[in-house]
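Down below is the structure, laid out as C-alpha cells.
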Amino acid sequence: MLNVGSHCAIGGLNIDFLINIVLLGFLVCTALAIVFTKNLLASAMLTGIYSLLTAGFFVVMDAVDVAFTEASVGAGIATILMLSTLKLTGFDEDPARHNVKAGLLAVCGVGVLLLYGIVDMPVFGSPTAPVHMHVAPHYIYQSMAEIGMPNIVTSVLASYRGYDTFGETVVVFTAGIGVLALLGASNHVPQSRVAPMSQHIILRVVSKVLIPPIFLFALYVQFHGDYGPGGGFQAGVIFAAAIILYSMIFGLDTARSVISQPLIRLLSAFGVMLYGCVGIVSLLNGHNFLDYSALAHDPLHGQHYGILLVELGVGITVASVMILIFFNFASRVDMVQEEQ
Amino acid sequence: MAYLAQYNYWVVVVLMMIGLYVVVSHGNLVKKLMGLSIFQTSVFILYISMGKVDGGTAPILEEGISVYSNPLPHVLILTAIVVGVATMALGLALVVRIKEAYGSIEEGDIQEKDKQSC
Amino acid sequence: MLNHLPILQVILPLLAAPTCLLLKEARLAWAFTTACCMATLAISVMLLLQVIDSGVIVYSLGGWQAPIGIEYRIDSLNAFVMVLVSGLSSAVILAARESVAKEVGADKQVLFYIAYLLCFAGLLGICATGDAFNVFVFLEISSLSAYTLIALGSDRRALWAAYQYLIMGTIGATFILIGIGMIYMMTGTLNMHDLAERLPEAAHTKTVFTAFTFIIIGTCLKLALFPLHLWLPNAYAYSPSIVSAFMAATATKVAVYVLIRFVFSVFGVDFSIDHMPLQQILLVLSLIGIVWVSIVAIYQTNLKKLLAYSSVAQIGYIILGFSVGTVLGLQASLIHLFNHALMKGALFLAIAGVVYRIGGCEFSQLSGIGKKMPWTMAAVVVGGLSLIGVPLTTGFVSKWYLVSALIEAGWWPAVAVVMLGSLLAVIYVWKVVEVAYFGSPEDGYEGAYEVKEAPLSILIPTWMLAASNIYFGIDTRFTSTIGHLASQTLFGAGS
Amino acid sequence: MMIVVDVVSWVFIVLGTFLCFSGSVGLFRFPDFFTRLHAASVTDTLGSGLILVALVLQAGSEWLVTMKLLFILAFIFLTSPTSGHALAKAAIHAGQKPKTSDANEAS
C-alpha cells in the first residue's frame, strides 16, 4: 500500500488537513475570480467549479452525503440553470458598481463580527467540542439499534429529523411552483423544428450510451442510501440530469413527448403527498406524525419501510421539480430563438 | 499553529465577505445571485467544519471504526443546499422575467426605467 | 385526534398545497383553499383554548424525544400568533376570488392559491416549532412562496420588488442560519428549550454574542425594521392587492414572533436584556423609524405605498414596546401585533376593492372615490382612524398600553415621539380622506362616473376586519389577557 | 509482488500528475483556442486515466472498489473526449479560426 493516508503526518499536519488548506485556498481564489470576471458565462462556469471544489472539501470533512448533493445540485443543476438564464439575458456585465462604500462598510462589519465570534469557537476538529458531546453521540451509538441503518446521515435525515426533510421537500416543491408561476403555462406551441444538436453525431451517440447508466446509477443511489452515501435528493437530481441531458441533445419537444408537463406537475405533487401520507398513516395508527414505527409490527421494520417510502417521495419530487424547472427555462430559450 | 487550526473559519469569513460584497455592489442581477450562492456556501463550510472530528471517518457505521464525524451538521447542510438551489432557481426565473419586462438586467438601468415611468 | 392538533395545524395547509395542484379550475382552488384556511383557523382556536386550559403542549415529531428529534412546543405566545395568522389569512382568502381573478392571469390563478397555502403553512410552521433549524426551513417555505406571490403582480415593478425581496430575504435567512449554527456550535443542540438551558454556560463567549447579533439582524431584515425595511414598500405596493393584505397582516408579524422567541425563550431575558445593548439599539432604531418613515409616508402618491410605509412605522411601535424590556412593554407589543394585523388587513382589503374597480390606487385616480364607493372608503377611514389611535378603535388600545409601558419605564422622550408619530399618522390618513371625499370625480380618472361599490365578496371580509377593529377597540379582554399571559410566561421563563 | 505493484502505481501516479500539470500549463501558454483545448482535454483524459489505473492497482483485493474505479475510468474515457469535441465544434460554429502561421504573419 502507498504510504499516503490519513496516518501520514508532515511537520505536525496530517495530509487531510493539507488537502483541506489547499482546497479552501482554491475556493477563495475561485470566489475572487468570480468577482473579477466580467464575462458572465465565465463566471457561471466558475461557480460550477466553485461548487465542485466545495464538494471536494466536504469529502475531506467526512461529509460524503453533503458532497454528493453539492456536486449534483451545485455543480450540476444550478450551473445549467444559470447558463440557460444567461442565454436569455446576455453574457456581458456592466462594469458600473453601486453602493461601493456602503457595501464595503456592511461587508467589513459582518467580517469583523464574524472574526470576533471565531475567537471563542472550539478548536477545529476537537473531539470534545460541545457539538460532539450532546446530541450527536446518540445518533452515532443508538441509531443502529433504533433504526438499523449503517448510514447515520440517512437515519437522522429521514427519521430523527424527518420533519425537516419534509419541509425541505416542500421547499423544492415551492420553488417548482414559483418557477411555473413565473415562466410556465405560456401557451407556447412548439413548432416542429430540427433538434438543436441533430448535426452532432458524436454527442448523440455518446449520450445514448450514457443515459441508461445514469438512470441506473440514480436508482442505485436512491435505494442504496441506507448503506452508503446517497438518498432521495441526490438520486432525484441525477435522474433529472439524465433527462436534461436527453432534452439538450435530442430537443425539448422530443423530451416533452415522453414526459409531458401535466405528468411532471402531477409527479412533483405526488412526491410531497407520498411523504405527507406516510406521516398521516402513522397519525391514523395512533402514533405521532412521521413516527415510522407505526408502519409495521416490528418498529425496526417500520423504520425501514418509512425511510424507503419517504426517500422515494423526496426523490420523485426533486427529480420532477428539477425537470420542471429546466423545461420551463429551456422553453423560454426556444421561444426567444423562434422569435428571432 | 493556534491560528492555523481555525483556518477553516477564517476562510468562511473571507468567502462570506466576498459573497456579500458581490450581492451589494454588483449591478448585474445574475451576478448578484452568484454572490448570494458564494455567501450561502460559506455558511455550509462553517457547519461542515464544525462537524469534523480529528481522525474521524464519514458517519457510515462500519466494523472496526469507532470515531465518526458528527452527522447532524451534514443533515442540516443537506437541507440548506437544497434550499439554496431552490432560491437560486426562483431568483433566476425572476431575472428572466425582469429581462423580458425591462429589457435589461442591470440594477442601474432598471431603477432608471422605474423613475421614468413614475 | 385532539392531541395531534399542533401538527394538524401545519400539515393541513402544507398537504393541501400539492392537492390543489390537481385542481384545474381557479374557483375550485379558491374554494378548497378557503375551506382549508377555515379548518386551520378552527384548529388554531381549539389549540389556543387547550393552551389556556392546560399550559404548554409538547408534540414530538416522528416520536423522537426533544433534543434528538424535532418537537412542536405550543405555549400561549405562539398559539396566539397562530390564531392571528390563520384568522387573518382566512379573512383575506375569503375576499380573494374576484380580486385574484381580476389581477392575476387566468393560467396563474391555481398556482397563486398553491403559493398562498404554502406561504400560510410556512408561517404557521415557524410559529409552532420548538426547533431552531426547523424555523429556518419553514422560513424558507414561506419566503419562497412570498416571492412568488409578489412577483404575480401585474405591474413589471412587482418583479423587481420580488427580486429585491428575494435578495434581502435570503441574506436575512442566511444570517439566521449563521446564528443558529454558532449557538449549535457552543451547545450541541438545536432544540429551543434545550438551548435555553444550555446557553447560559456559554453566555460569556464571544461566539454567542456574534450568534445573537446575527440572529437579531437576520430577523430584523425579515420584519423590515428601519433601516432594513428597503424591500418592503415596493413589495407591498406592486404585489396583487390580496397579497399585500396577506403579507401586511401576517408575514412581518411572524418575523416579530421569531425575534421575540429567540430573544426571550432561547437567549433568555438575562442575556438579551441585561447583557446586551439590544434595548438601546432597538429603542433608537424604532423611534427614528417611526418618525422618519411616517414622514416619507406623507409624501407618497400611491395609496398602497403610503400604507406600506405606514406598516414600517407601525413595526417601529411594536419593536418599541418590545425594547422597553418589561412585562407591560411586551404586552403592548403583542397587543399591537394583533391590532396592527387587523388594521392593515382591513385597509389593504379595502384597497383590493378599490383596485378591483379602478385598476390602481394612485391618488390621481382616487379623486372623489368616497362618493362612488362609500362602504369601501368608510372601511378605509375606520382603518385609518385605528392607525392614528382614535379612542374606540384598536389603535387606541395599543397606544394606551404602549404609552403606559413607556411611562412605567420613565421613558418620557419616547412617549413624545409616539405622540409625534400619531400626529404624522393623522396627516397621512387625512391626505387619503381629502382625496377621497373632497376631491371631485371630474378631476380624476375618466371612467370615474361608472365606478361602483366593490363587489360584496370583497366588501364583506373587509367590513369583518373593520368591525373587528372597532370590536377589539372596545372589548379588550381577549387581546390584553392573552398578551399579558404570553408576556408573563416569557419573562417567567427567563428569570 | 507487493513492491512491484507499488512501484508501478507510483509510476502511473507521477506520470498522470505530470500530464495533468502539463495540460494546465498548456492551457495557459498555448496561443489559440484549439491548441489550448488540445492541451486541456487530451492530457487530462490520459492524466486522470493514469491516476485511476494506479488507484485500481492499489485497491488490491477490494473488488467493489476496483469495479467502481473502472466504471469511473470508462466514463471519463467517454465523456472527456466528447466534451472536447463539443467544445471544438461550438468554437468553429462561433467563428473561431485555428491560428495558423499564415495568420500570424498577416497580423
Side-chain angles (χ1 to χ4, degrees), chain B residues 9 12-13 16 19-20 22-24 29-30 32-33 35-51 70 72-73 75-77 79-80 82-84 86-105 107 109-111 113-115 117-118, chain C residues 67-68 70 115 131-134 136-141 143-148 150-171 173-186 188-190 207 210-211 214 218 234 238 301-302 305 362:
Chain B
Y9 303 133
V12 169
V13 176
M16 195 172 287
L20 208 54
V22 176
V23 177
V24 177
L29 303 190
V30 179
K32 270 180 193 281
L33 286 174
L36 206 59
S37 127
I38 296 176
F39 177 59
Q40 287 180 315
T41 313
S42 72
V43 184
F44 304 163
I45 294 174
L46 171 76
Y47 271 75
I48 297 294
S49 299
M50 77 171 89
N70 189 344
L72 187 52
V75 175
L76 305 182
I77 289 315
T79 307
V82 177
V83 168
T87 314
M88 169 77 88
L90 199 59
L92 289 173
L94 275 171
V95 172
V96 169
R97 286 288 304 278
I98 287 176
K99 169 78 179 177
E100 286 169 7
Y102 286 88
S104 167
I105 56 162
E107 192 180 354
D109 294 352
I110 293 169
Q111 276 168 343
K113 283 187 185 167
D114 269 351
K115 268 195 200 119
S117 67
C118 269
Chain C
I68 304 300
I70 297 170
D131 187 279
F133 191 79
N134 204 238
F136 169 75
V137 174
F138 278 82
L139 190 67
E140 285 295 334
I141 295 178
S143 310
L144 285 183
S145 39
Y147 310 146
T148 309
I150 291 170
L152 283 173
S154 47
D155 196 307
R156 70 176 180 182
R157 281 172 288 185
L159 296 169
W160 176 231
Y163 181 87
Q164 278 178 314
Y165 184 23
L166 183 134
I167 295 284
M168 299 285 261
T170 309
I171 291 177
T174 312
F175 271 22
I176 295 175
L177 189 63
I178 300 170
I180 292 172
M182 285 180 168
I183 51 177
Y184 170 61
M185 196 179 213
M186 302 311 286
T189 182
L190 287 165
T207 311
T210 309
F214 270 110
N234 284 334
Y238 302 118
T301 56
N302 178 309
K305 215 163 186 174
E362 294 291 333

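All chains are named by letter (A, B, ...) in the order of the sequence lines, taking the proteins before the strands, and each is independently numbered beginning at 1.
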Are B:Lys32 and B:Glu107 ion-paired here, with the side-chain N under 4.0 Å from a carboxylate O? yes
Tell me whether C:Tyr163 contacts the main-chain N or O of B:Leu92 through its side chain, where contact means a donor paired with an acceptor under 3.5 Å. no
Quick one: closest heavy-atom pair of B:Met50 and C:Gly181, and the distance? CE-O, 3.3 Å
Is there side-chain contact between B:Tyr102 and B:Lys99, with at least one heavy-atom pair below 4.5 Å? no
Region of B:Ile110 in contact with chain C, defined by heavy-atom distances below 4.5 Å: side chain
Contact part of B:Thr79 toward chain C, heavy-atom cut-off under 4.5 Å: side chain, backbone, both or neither? side chain
Would a 4.5 Å heavy-atom cut-off, applied to side chains only, mark C:Ile180 and C:Phe214 as touching? no
Contacting moiety of B:Leu76, where chain C heavy atoms sit under 4.5 Å: both
Between C:Ile167, C:Val137, C:Ile171, which has the largest tally of heavy atom pairs under 4.5 Å with chain B? C:Ile171
Does any backbone or side-chain atom of B:Glu100 lie under 4.5 Å from a heavy atom of chain C? Answer side chain, backbone, both or neither. neither
Of the backbone (N, CA, C, O) and the side chain (C-beta and beyond), which part of B:Leu20 lies under 4.5 Å from a heavy atom of chain C, both, or neither? side chain
